[in-house]
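Heads up, the thing below is written out as structure tokens.
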Amino acid sequence: MTDEILRITDLRIAARTEEGEEKILVQGIDLTLHRGEVLGLIGESGAGKSTIGLAALAYARPGCTIIGGEIRYAGTDIRTLSRRERRRLRGRRIAYVAQSAAASFNPAKSLYRQVCEMPVRHGLMSYAEAKKAAAQLFAELDLPSPETFGERYPHQVSGGQLQRAMVAMAMSCRPDILVFDEPTTALDVTTQIEVLAAIRKLVRDHRTAGLYISHDLAVVAQVAQRIMVLRHGRMVELGEAAQILHEPREEYTRRLVSVRAAAAPPAEAAVAERGERLLELNALGAAYGRLRVLKDVTFSVRRGETVAVVGESGSGKSTLARVVCGLREPAGGSVRFRGELLPPTLSLRSRDQLRRIQMIYQMPDMALNPRQRVSEILGRPLSFYFGWPRAKVTARVEALLRMIDLPVEFAARRPGELSGGQKQRLCIARALAAEPDLVICDEVTSALDPLVAEEILKLLGRLRDETGVAYLFITHDLGTVRRIADRVAVMLQGAVVAEGPLAQVFSPPYHPYTEALLASVPEMRLDWLDDTLRRRAGRQGAEGPVIGAAAADRFALGT
Amino acid sequence: MRLLGHRLSGGAAVGFAIILANIVAISFARWIAPYGEADLVGDVWAPPSGADWLGLDNLGRDMFSRLLFGGQTSVSLALLITALSFSLGIVMGFTAATTNRWIDAALSRLVDIIMAIPQLILALMVLSVLGTSIPVLIGTIAILDSTRVFRLSRAVAMNITVMEYVEAARLRGEKLWWIMRREVLPNALPPLIAEFGLRFCFTLLFIASLSFLGLGVQPPEADWGSMVRDNATAINFGGIAPLVPAAAIALLTIGVNLVVDWFLSIHGRAHGEGA
């Protein structure tokens, strides 16, 4: 085809380990990209998606080298170009949009300065021209008051806006190819829609070719025409978006699709009322200085029950967890646990009270001390709470490892030698070692790959049935909520706006914010984004913008 | 060659050899040294000869013998002082980082005040008031040095205490001491050990400057630092006398740092494999 812009053939990339051995990261990848076409790259972490995306710029991360294959941009193999020629290409003809906009922008420079840097440096425009072009891009990306938007600094705009500003920065030289590396992964679902819509519109209008990297099939399907499924650095399957979604040929793709699909079915009938009340929150408040982050939060958790707390970032759900476990002093209200009033801070609580409430964190890497062995990590709660002799502790550690389906030999390992999913299992085992009544799960699956997250959820469910523990499950992922929760509390700006059994909260009549949240969860169909945008546009005409911080107040006050 | 289950690199082997040689020479000084510490055996700054193969010093004492005896004082003093200042600095630094901000502020300002006064002058003041006994010398330098260690260990520990595994230990109800010892210290070790190697050498030199001013090790007892100072003028006459103790300091410094580097390389590894 004549409008072919990028052709990669037999790409091979290797990394050199510390011992000097070579490890193949990417192998035998062929792909072509035409003008105006977006190709989705999908796979779990370690699949080589980002490595391939960067290779489109003939760039390899430190420690990695492109050891074979051709990367042809408009006919020339850019691997054969000199360093200088390659540099002229990068940013100008092929540009990159990174996952975390907050980490990619310089907080000390205005957005204009950063967005205009590339065209000015490459000598394409004067600063004044570049500013004008940037303002136009801001307008195209639906950013508020595009003329003055660029005068702000990164911390003065929201996460979604910053991500769009980064798209504008990548577009500033009007490149032929854009590489998007998980641009919406760090965003809330409602913000994700805005960014997705903006990206799709921009790519269409400018006929830019795109490589869209993501681990979320439903998201990729909204922007990409074709999707390539990757695993362990090799291609599993390549096909039209519709085909991958509806008729996946490979087993692995089917599993990826079914994980997302499993999240979709509506909740089963209301679960029978569980045991007595375990945790009761009554008009709980919390504040950072003058900023009130929790307002009159009232709900309860019964024994053996899973209560999900959902909300977007900034809704106060993590603060709620910190108040319950005693890390943050409440500014009002009370926390009752097993009928008695819990002291507000950690140091005032008894060892037994501490034991009965355990916590599992989002990032297992940070929650495990890298210098301790598994036996020590799991053994400490046992000797600390129960004062068991060493032999009994060792036996129990082995039993715990078996409980989380890890080999007993892992007791001698350190966290660094485990995979992400195994680390999270370890965190679960550490929490359960204390034989708690309540486990607070703070976004425990959001840092994991979908298939791994699925296994963790299954494990949590099984352990709940075995031990009768109750979960306070904090998450922004509604799919997860549907899988595991008995009851749901929806939080918005520190207040609970809807609370009740899962089936009741997640079925009509919805609270409007719940509905907005539900509608923002990407679905496994191609026209989901169009539908959602259309629905939203209709509503916007009637009552102004519905999503975003501006509208949040209305939900909080309404109904 | 392996040590503690880790492969010994070439540099580390050299470092260990240097340290070992130093320790042996110093501990058996009494038997190795051909002369006594204060014996006058010949001309001032006599060049090396068969009998005195490192030459004689500014009073005609045998350089080699003094080097051995001086090493006893210098190395053991430096080691003791560094160890003391590290224990003190680390405990204070970790306490500041793990407890509340009032204690942190109090400790930090106290350290700021000490650091605001030039170290040498403060040491001079303390030593001239309290007298120049060895225990006072050790205590003074250790406390002054611990301010630097405090700063480093506080900064390192600050980065560690925000990790969730420390929070998990707090939630479990662990005592402060346990958290500092078991959660923070192992992770703070690499930069602290690197600092130890450096501080050790600085201490050696600091004792030397105090000795020069007459407030450190008292003559006729030898120490490497004062030997450099005593013989410094010989350099004008082309003598090698001041270079000999200086070389001894340099050699030990290099040896210590080679070992420290090796230690860092095995501990800095992400996965702690092979341990």
Side-chain angles (χ1 to χ4, degrees), chain A residues 17-19 318 321-322 324-328 345-373 376-377 379-385 412-418 423 426-427 430-431 433-434 436 439-440 442-444 447, chain B residues 2 4-9 90 94-95 97-103 156-193 261-275:
Chain A
T17 59
E18 246 176 85
E19 285 75 33
S318 286
R322 296 178 75 78
V324 171
C325 68
L327 284 166
R328 170 150 281 279
T345 56
L346 216 54
S347 48
L348 298 173
R349 294 188 184 179
S350 73
R351 193 176 277 204
D352 191 59
Q353 283 172 327
L354 292 173
R355 177 182 71 77
R356 288 174 187 275
I357 301 181
Q358 292 288 316
M359 180 111 168
I360 307 174
Y361 294 93
Q362 174 173 7
M363 301 287 198
D365 291 310
M366 285 168 63
L368 298 169
N369 189 335
R371 300 267 179 229
Q372 290 179 354
R373 291 178 197 283
E376 204 178 335
I377 291 170
R380 182 61 192 172
L382 299 172
S383 50
F384 182 78
Y385 288 127
R413 295 206 186 175
R414 292 212 167 92
E417 300 165 78
L418 307 181
K423 280 183 214 162
L426 196 56
C427 291
R430 176 174 64 183
V439 175
I440 301 171
D442 191 357
E443 302 270 11
V444 288
Chain B
R2 297 175 72 80
L4 305 168
H6 290 279
R7 222 173 54 80
L8 211 54
S9 67
I90 289 175
F94 283 7
T95 309
T98 39
T99 49
N100 62 53
R101 60 197 165 103
W102 298 113
I103 294 179
V156 174
M158 284 272 185
N159 286 333
I160 297 168
T161 46
V162 295
M163 299 299 272
E164 281 159 352
Y165 54 80
V166 177
E167 194 178 289
R170 276 211 178 115
L171 278 179
R172 202 188 301 140
E174 297 286 5
K175 295 278 176 295
L176 192 65
W177 180 241
W178 196 92
I179 291 178
M180 288 189 336
R181 212 162 37 90
R182 303 305 290 276
E183 306 283 351
V184 180
L185 184 62
N187 292 289
L189 224 39
L192 290 176
I193 289 172
D261 281 350
W262 169 76
F263 196 75
L264 286 184
S265 75
I266 58 173
H267 267 261
R269 273 183 211 157
H271 304 301
E273 66 263 52

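Residue numbers begin at 1 in each chain, while the letters A, B, ... track the order of the sequences.
For the atom pair CD1 (Ile160(B)) and CG (Asn369(A)), the distance works out to 8.5 Å, reported to the nearest 0.5 Å. Put simply, CD on Gln358(A) and CZ on Arg172(B) are 8.0 Å apart, with the number rounded to the nearest 0.5 Å. Atoms CD and CZ, on Glu376(A) and Arg182(B) in that order, are 4.5 Å from each other to the nearest 0.5 Å.
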Counting only pairs under 3.5 Å, give me each side-chain donor-acceptor contact of residues 163-170 of chain B, with atom names and distances, residues two or more places apart or in other chains.
| unit_1 | atom_1 | unit_2 | atom_2 | d |
| --- | --- | --- | --- | --- |
| Tyr165(B) | OH | Asn187(B) | ND2 | 3.3 |
| Glu167(B) | OE1 | Arg322(A) | NH1 | 3.2 |
| Glu167(B) | OE2 | Tyr361(A) | OH | 2.8 |
| Arg170(B) | NH2 | Thr98(B) | O | 2.8 |

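The shortest heavy-atom contact between Arg371(A) and Pro190(B) is NH2-CG, 3.8 Å.
Only the side chain of Met359(A) comes within contact range of chain B, judged by heavy atoms closer than 4.5 Å.
At a heavy-atom cut-off of under 4.5 Å, chain B is reached by Leu346(A), Arg351(A) from residues 345-353 of chain A, listed in order of number.
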